[in-house]
Each structure stands twice: as C-alpha cells, then as structure tokens.
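All remarks here apply to the structure that follows.
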2 protein chains.
Amino acid sequence: MLDKAVSILDVYRPDGGSFRLTELAARAGLPKTTAFRLIGDLVRLGLLERDGERYRLGGTLFELGSLVPRRHDLRESALPFLQDLFESTRQTVHFGIRDDRDVVYLERIHGHDAVPLPSRIGGRLPLTCTAIGKALLAFSGPELADAILAGPLPRLTAYSIADPLRLRTALEQTQVSGLAYEEQEAALGISCIAAPVFAGAGEPVAALSVAVPREHFRPAHLAPAVRTAALGLSRTLRQG
Amino acid sequence: MLDKAVSILDVYRPDGGSFRLTELAARAGLPKTTAFRLIGDLVRLGLLERDGERYRLGGTLFELGSLVPRRHDLRESALPFLQDLFESTRQTVHFGIRDDRDVVYLERIHGHDAVPLPSRIGGRLPLTCTAIGKALLAFSGPELADAILAGPLPRLTAYSIADPLRLRTALEQTQVSGLAYEEQEAALGISCIAAPVFAGAGEPVAALSVAVPREHFRPAHLAPAVRTAALGLSRTLRQG
DNA sequence: AAAGTTCGTTCCGTGCACCGGAACACCTCG
DNA sequence: CGAGGTGTTCCGGTGCACGGAACGAACTTT
C-alpha cells in the first residue's frame, strides 16, 4: 500500500504541478478506484492537497522535507558563504550534493533578472553535465568516475560531454586546479564554475557554483570568489 | 497503514533528528514489529534513511517537499526581493505564509554570525507571537482575528502578547501603518519588523520580515527597506 | 435533443497483505 | 553471569485494501 501511495507522489517528480484524479491514476499506473481511495488518504494526511478539481503536493511534505538532515544541516552552514558568493558575483549561486550519479541541489540563490536554468532546489541533474557534478566527481573515489565513464554519458544539450576521454581530461584538470567548469552542458548559453566542499579528509560532501550567461563568463574574476566560499565553508564544516 | 507510516514520519516534527527503532516505535505509538516493518518500507522508498543504527528522514522527502507549489512558486518570486532586503539590512530575513493559526516559514536568509532564532524553513510558529504572523493576521478577514482573540493566546516567551486587547490594538496599528512589529515575543533579545505581501485584492498571500538583536533595532532604517521589498514583491505577484 | 464519452464517487465481495505477539540472537551493563 | 534492552525473524489470523461494477453528473459529439 505504501508503494502505491508513493507511486502517486512520484507522479509529481520531477516537475511538480497538479493533476486530476484520472490523470494521476493513469500516471501512477493504478486503477482509478484505488487511486481515488489513496488520494483521499494522502489529502487527509496533508501529503497532497486539493486545488479545485486538481491535486498537488501538500504542505506536510514541505514541512517534513525541510527537516531532512542532509538538506537542513548543510544548508545552514553553507548559507552565509553562498550569500557572500552571490553578493560578490551577482549571479546565480548553486549548492549541491551528490546522490548516486546526480547532483541534488540543496540551495539556489538568485536576484532579479536571473537567467533561466534547469536547476531547482530539490531537483537533480547528472553529475557529468554540471560544474558542481564535475567538482564532486573529480574528488570522489576513482571507482565512481570509472563506473560512470564505462557507460554512456547522459546529455542535456548538444554540448554535454559525451566522450569519456574528454570527461576524464576535464576531471583531471579539476583535480589539479580545484575548480570545475561547465560550458553550455546543462543549459544553452550558460557557463558555470564550481568548487568542491570538504568536511574533512576524503570525498567532498558538497560543491558550490556560480552560473553566468556565457558572454559574461569571466573565470579570472569568479574563481577567487568561488574558491573563497568553498574554502571558508570547508573550514567551517571541519570545525564541526 | 498510511496513517501508521505517517505517524512515524511525524515523529520527526518539529525537531528533525534521528532515532533508533525502539524509540521511533514508542514515539509513533506503534508495536515494535509494526514499526520495524513500516520503517523498512519507508527506507526502501526513500522517505527514511539509515544512519548507522538510527533512522532519519530521507532524501526523497526533501525532493518531493521541494516541489510543493506553495513553497516553490512563492519562493521563486520572492527570492530577489528577499535578497535585496538582506543586503540592505544585513540581518536575518524571513518569508512566510499563513497556515491556519501558524506562520509557516518558506525562506530564511542569514549571513555569518546570525542571531539564533526559533524559526526554520518549513517550521511553524504562532501567528500572534511573530511580526510576520501579525502582518498576516492584520490583513486577513476579521473572523480569523476574532476567532484567535476569543481563545487563549499561545506564548513563546514571557513577552508574548497574552492580552487579547493588546493584540487587537497591535493589529489595528499594523492595519494603519502597514507594518507589524515583534518585541521579544518569539525569541528573547530579538526584535522584528514585518510587512504583508499581496497578490491581488484581498488577503495577503505571505509576509516578509527582518529580525534584529534588540539593541540594534532601528525601525526608522528598516521600515523603508521592508516596505520596499514587500511592495516590490506584491507588484510582481499581481502581474503574474 | 439524444447518444456517447469521460469524470469523480460509491458500493461491496473477497483474497491476501497487514498485523503484531512470540521467539530468537546479540549486545550492554551491573 | 544474569537481567534487560535491542533489532530481527517467524507465522497464523483476519481486517481491510483492493478494484470491478455501477451510478450520477458533466461534457462532447452527432
């Protein structure tokens, strides 16, 4: 039964939105009556809510989701540094962690006139298509990179790296410089620079980045700010 | 069964954390075996995760919670204005909505050396004890204020307003000035100024605030910035 | 206007998944 | 060592989750 309830909730991933009963049932692969029954329970429990004739995710999910430790704890420590980075660059700042082969975004800060990006708090993008992902990947154990490089690489744009050799080279450059770059690999017209965040010896626990319209991309200006934020945060995390 | 699963998840509200099986079962009021079974399912589905011998809320909740429309949509619109407000004040900025008799915080922005506050993204505090809450309450229909004033008022500190007359006066002052204040009513040593955010005619859809250590509270300096942010955001929301 | 289609909701028989006590193995502490 | 606590497994009983059928309402098509 739990599986069925979650299959209903999963209809809303990754795009959110709202659905009517029949569509929700179809997308969840459940008989209409079963879906109707479960939806009623989910609404009662606050995990879904009614919006006219439609259903959308409910406030209780938001409240529970906000308590998830890996989001809450890391975000609290990172926020001042992300704010610094946003202020010194005025560009969209991201903060994310690795989950399997994806980046999961824990925070995203932008101002007015922010460029449209596919990233979203709570959303996922492939490690290999994003600067944050590459920063995480470059400093993770070699087994992960090997495993990812052994299969086909996911693509979000025509510029996404599809050649394993090219990706390996990029990762090695990141290992040397401590910075990872993204060139229209996740979103057309967008460049990005990222640095890993460490909590101690070993793999990075997170990474942060700045995303910029390509024609305004100035690594020389951005790199020090990105490094400073990542180092500052790493130091804070090490001190517990 | 869903009820039981949610009773397990609700153990984590409002404080988060992690628990062992037996404690989780006791707090959820379930027999140990039932809890064990459900926890196994919740872990499999990503709603809980194991942390050694302990269980904590899982990443799937964070991902689903991030898609909740009333959080995601409002926060996206509000963020640039909240950033402006943070930059012009350098103090902790809050953004919240009303749910029944509580404020639910949708965003909280702070820098280094932020003052400790009881607020938290996804957390709740009584309307009557917070500036945001009073801003929301003052511009909601009179039935709500009447209903709240008819019962005992919740208190978070010794300074929280317990006298219905005093609260009614404060609400009327907010209706006149468009600003609501908080004087150690939610947290000792903390003052706060808030303004409502409207999306059209009618009740406010949200409110935003700045929280300051009491000895640094300068309403004359803060009020214009708070007003500007709230007005700017209201305008944006009205334009869709 | 009538017929057909789709929707959300209710009804209800039944099969099996949920339930949870008992048992077990392991660990910790006095 | 024994007592108490923990997490895990086992398994029989039964309550209820399940979902097809039916229904009424709304919408669309002829």
Side-chain angles (χ1 to χ4, degrees), chain A residues 1-62 64-65 67-70 73 99, chain B residues 1-62 64-65 67-70 73 99:
Chain A
M1 180 180 177
L2 250 193
D3 295 65
K4 287 172 179 157
V6 170
S7 72
I8 290 176
L9 296 179
D10 275 342
V11 168
Y12 293 90
R13 288 207 283 180
D15 295 322
S18 62
F19 301 95
R20 297 176 66 154
L21 168 66
T22 312
E23 192 176 5
L24 207 39
R27 284 171 178 257
L30 299 173
K32 196 171 54 165
T33 314
T34 303
F36 180 72
R37 187 166 42 78
L38 285 175
I39 288 167
D41 289 339
L42 289 168
V43 168
R44 176 169 54 79
L45 294 167
L47 301 189
L48 288 182
E49 64 191 24
R50 271 194 94 139
D51 177 22
E53 302 178 317
R54 310 181 75 86
Y55 298 96
R56 58 191 188 184
L57 296 178
T60 300
L61 267 182
F62 167 59
L64 287 170
L67 288 164
V68 175
R70 67 176 172 168
D73 301 341
D99 184 20
Chain B
M1 177 179 175
L2 251 194
D3 296 66
K4 286 172 180 154
V6 171
S7 71
I8 290 177
L9 296 179
D10 276 342
V11 168
Y12 292 91
R13 287 207 281 179
D15 296 321
S18 63
F19 302 94
R20 298 177 66 152
L21 167 67
T22 313
E23 192 175 5
L24 208 41
R27 286 169 176 259
L30 298 173
K32 196 170 53 163
T33 313
T34 303
F36 180 74
R37 190 166 40 75
L38 285 176
I39 288 168
D41 288 338
L42 290 167
V43 168
R44 177 169 54 78
L45 294 167
L47 302 191
L48 287 183
E49 66 190 22
R50 271 194 95 137
D51 176 21
E53 302 177 317
R54 310 181 75 86
Y55 298 96
R56 56 190 189 184
L57 295 178
T60 299
L61 268 182
F62 166 60
L64 287 170
L67 288 165
V68 175
R70 67 177 173 168
D73 301 342
D99 184 21

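All chains are named by letter (A, B, ...) in the order of the sequence lines, taking the proteins before the strands, and each is independently numbered beginning at 1. All figures in this text were calculated on a predicted structure; none of them were measured in a lab.
Residues A:Thr60 and A:Leu45 form no side-chain contact, since every pair of their non-hydrogen atoms from C-beta on lies 4.5 Å or further apart. A:Leu38 is listed as a side-chain neighbour of A:Met1, based on a closest heavy-atom distance under 4.5 Å. Side-chain contact between B:Tyr55 and B:Arg50: present, with at least one pair of heavy atoms (C-beta onward) separated by less than 4.5 Å.
Within residues 2-12 of chain A, no residue has any heavy atom closer than 4.0 Å to DNA chain C. Using a 4.0 Å cut-off on heavy atoms, the residues of residues 33-51 of chain A that approach DNA chain C are A:Thr33, A:Phe36, A:Arg50, listed by number.
Considering every non-hydrogen atom in both B:Val68 and A:Leu57, the closest pair reads CG1-O, 3.7 Å. The heavy-atom pair separating B:Ala35 from B:Ala25 by the smallest distance is CB-CB, 3.5 Å. Of all non-hydrogen atoms in B:Glu49 and B:Gly59, the two that sit nearest each other are OE1-N, 3.7 Å.
Along DNA chain C, read 5' to 3', the first and last nucleotides having any atom under 4.0 Å from a heavy atom of chain A are C:dC7 to C:dC18. For DNA chain D, the span of nucleotides reached by chain A at under 4.0 Å from its heavy atoms goes, 5' to 3', from D:dA17 to D:dA21.
Here A:Asp51 pairs with nothing under the side chain to side chain donor-acceptor pair (under 3.5 Å) rule; sequence neighbours left out. With sequence neighbours left out, the side chain to side chain donor-acceptor pair (under 3.5 Å) criterion links B:Asp3 to A:Arg44. A search for side chain to side chain contact (heavy atoms under 4.5 Å, CB included) contacts involving B:Leu42 returns A:Leu2, B:Ala5, B:Ile8, B:Leu9, B:Leu47, B:Leu48, not counting sequence neighbours. For B:Glu53, there are no side chain to side chain donor-acceptor pair (under 3.5 Å) partners, not counting sequence neighbours. For the side chain to side chain donor-acceptor pair (under 3.5 Å) test, residues two or more places apart in sequence or in another chain that qualify with B:Asp10 are B:Arg13. Under the ring pair (Phe, Tyr, Trp, His ring centres under 6.0 Å) criterion, B:Phe19 pairs with B:Tyr12, not counting sequence neighbours.
Rounded to 10 degrees, the angle between the two end axes of the helix from C:dA1-D:dT30 to C:dG30-D:dC1 is 40°, with five pairs used at each end.
Residue A:Arg20 is the one, among B:Lys32 and A:Arg20, whose nearest nucleotide of DNA chain C lies closer to the 5' end (criterion: closest heavy atom). Between A:Met1 and A:Glu53, the residue whose closest nucleotide on DNA chain C is further toward the 5' end is A:Glu53.
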List the steps, then state whether side-chain contact (heavy atoms from CB on, under 4.5 Å) holds for B:Arg70 with B:Asp99.
CA-CA 11 Å; B:Arg70 67 177 173 168; B:Asp99 184 21; 4.0 Å; yes
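If you check the side chains of A:Ser18 and A:Arg54, you find a donor sitting under 3.5 Å from an acceptor.
Applying the side-chain hydrogen bond (donor to acceptor under 3.5 Å, both in side chains) rule to pairs touching residues 26-40 of chain A yields A:Glu23-A:Arg27, sequence neighbours excluded.
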